[in-house]
Asker: 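The structure follows.
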Amino acid sequence: MLIYLDGKYLPSEEAKISVFDHGLLYGDGVFEGIRCYNGYVFKLDEHLERLYDSAKSLMLKIPIQIDELRQAVLETLRRNELREGYIRLIVTRGIGDLGLDPDKCRNPSIIIIADKIALYPQNYYEDGLEIVTVSVRRNYPEAINPRIKSLNYLNNILAKIEAKQSGVVEALMLNNDGYVVECSGDNIFLVKNEIIVTPPPYIGILDGVTRNCVITLAHEAGFQVKERVFTRHDIYIADECFLTGTAAEVIPVVKLDQRVIGNGEPGIVTQKLIAAFRHFANNFGTPIFPEGV
Ligand code: PMP
């Protein structure tokens, strides 16, 4: 496997960063998880934009232009001969001293890892997931804004630990006001009377790339989509619920806090959106191997 590290393509054993990198010492950095399907990178420009936006918010200057980074992502996939896979794009603050001061870190590091994807078990999609609400609240936007996809993921990890302790794989997180925001690594939607509802980004969620694609696909399929705040109660009494994310794609939720949602099976709207998503992902996007090459 070849890893892109600061302009070079290195075998994985040689792709190393310093123990003084503030990405490691403080989680000071940003990242993206990106998928490719059938030779197309899914929403590459949206992921790159979010990466640069996250970095801007942290006053972290990514040392190369977005076009160069786009080419590096595609080249990493080509060198690893991947048409289906998962890309992890990371920018760390770089090497500093043991203090917090980011100004001491003069050279941010860029890492691109492209690998095969470990897919979720098929029964998650056929039977739907059971999830629980956890006590860990999503980061308060004035503390660490959830819209920044930073290397500091402890908030989400604590939520995941709590979900696993309850015997389920995903955690529903609330914000400080008790409204539903998102899951530890996925955005959330409910469906009630054929209207699709999802929380707006300003209440403290990651503005998901999959989320935004699914909103567009839902509109194209003729559904009404509303971005509004809601509580757990609204999910308990919803007809359907589903999650979206780069790894999960679109995944049905059939139980929350031991309340059965709808009839307890993945709903019609969710199934339509799963099909629309798969069709889109396999047929559109940035080609990895341009025609004729
Ligand atoms: N929320 C959180 C907290 C996430 O980490 C992610 C990404 N795994 C998502 C939502 C989904 O975002 P995307 O569709 O861009 O992967």
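We count ligands from 1, going down the list as the structure has it; atoms in each ligand are counted the same way.
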Asker: Between Met173 and ligand 1, find which residue part has any heavy-atom pair under 4.0 Å and reply side chain, backbone, both or neither.
Answerer: neither
Asker: With a cutoff of 4.0 Å, is Ser184 in contact with ligand 1, counting heavy atoms of the residue only?
Answerer: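 Contact check Ser184 vs ligand 1: positive.
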Asker: Between Glu182 and ligand 1, does any nitrogen or oxygen pair lie at a separation below 3.5 Å?
Answerer: yes
Asker: Are the side chain of Asn212 and the backbone of Gly208 linked by a donor-acceptor contact shorter than 3.5 Å?
Answerer: yes
Asker: At less than 4.0 angstrom from any non-hydrogen atom of Lys149, what atoms of ligand 1 do you find?
Answerer: 5 (O), 7 (C), 8 (N)
Asker: Picking from Lys160, Glu170, Lys164, what satisfies side-chain hydrogen bond (donor to acceptor under 3.5 Å, both in side chains) with Ser184?
Answerer: Glu170
Asker: For Thr246 and ligand 1, does the shortest N/O to N/O distance drop below 3.5 Å?
Answerer: yes
Asker: Return a yes/no value for Arg50: is any of its N or O atoms, backbone included, closer than 3.5 angstrom to an N or O of ligand 1?
Answerer: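 Between Arg50 and ligand 1 (N or O atoms, distance only) the closest approach is under 3.5 Å.
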Asker: Only one of Asn156, Leu174, Ile144, Asn176 forms a side chain to side chain contact (heavy atoms under 4.5 Å, CB included) with Arg138, so which one is it?
Answerer: Asn156
Asker: With no hydrogens and no angle check, just 3.5 Å: does a side-chain donor-acceptor pair link Asn283 and Asn38?
Answerer: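 Distance-only check fails for Asn283 and Asn38.
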Asker: Going by the order shown, which atoms of ligand 1 are within less than 4.0 Å of some heavy atom of Gly208?
Answerer: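 So the atoms of ligand 1 that pass are 12 (O), 13 (P), 14 (O), 15 (O).
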Asker: If you take all heavy atoms of Arg35 and Thr246, which pair is closest and at what distance?
Answerer: NH1-O, 2.9 Å
Asker: Does the N or O separation between Gly185 and ligand 1 drop below 3.5 Å for any pair?
Answerer: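 Yes, Gly185 has an N/O under 3.5 Å of an N/O on ligand 1.
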Asker: Please say whether Thr210 places an N or O atom under 3.5 Å from an N or O atom belonging to ligand 1.
Answerer: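 The answer is yes, given that Thr210 and ligand 1 share an N or O pair closer than 3.5 Å.
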Asker: Would you name the heavy atoms of Val91 and Pro108 that are closest together and state the gap between them?
Answerer: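 Residues Val91 and Pro108, closest heavy atoms: CG1-CB, 4.2 Å.
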Asker: Check each heavy atom of Ala247 against ligand 1 and say whether those closer than 4.0 Å belong to the side chain, the backbone, both or neither.
Answerer: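 For Ala247, there is no contact with ligand 1 at all, from either part.
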Asker: Please classify the Asp186 to ligand 1 contact at 4.0 Å (heavy-atom distances, strictly less than): side chain, backbone, both or neither.
Answerer: backbone
Asker: Would you say His47 and ligand 1 have an N/O pair spaced under 3.5 Å apart?
Answerer: no
Asker: Which residue supplies the protein heavy atom nearest to atom 3 (C) of ligand 1, what is that atom called, and how far is it?
Answerer: Asn156 ND2, 3.3 Å
Asker: In terms of residue, atom name and distance, what is the protein heavy atom nearest to atom 11 (C) of ligand 1?
Answerer: Asn187 OD1, 3.6 Å
Asker: Would you say the side chain of Thr92 lies within less than 4.5 Å of the side chain of His22, judging by non-hydrogen atoms?
Answerer: no
Asker: Cation over ring, Arg278 on Tyr125, under 6.0 Å and within 45°?
Answerer: yes
Asker: Which atoms from ligand 1 have a heavy atom of Arg138 less than 4.0 Å away?
Answerer: 3 (C)
Asker: Any donor-acceptor pair under 3.5 Å linking the side-chain atoms of Asn282 with those of Tyr40?
Answerer: no
Asker: Would a single hydrophobic cluster contain both Tyr153 and Ile148, if residues Ile, Leu, Val, Met, Phe, Trp and Tyr are joined by side-chain heavy-atom contacts under 4.5 Å?
Answerer: no
Asker: Say whether Val269 and Ile274 are linked into one hydrophobic cluster, either directly or through other cluster members, by side-chain heavy-atom distances under 4.5 angstrom.
Answerer: yes
Asker: So, regarding Val209 and ligand 1 (criterion: nitrogen or oxygen to nitrogen or oxygen, under 3.5 Å), is there a contact or not?
Answerer: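 Val209 vs ligand 1: N/O contact under 3.5 Å present.
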Asker: Tell me the protein heavy atom at minimum distance from atom 5 (O) of ligand 1, and give that distance in Å.
Answerer: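 Here the nearest protein heavy atom works out to Tyr153 OH, 2.4 Å.
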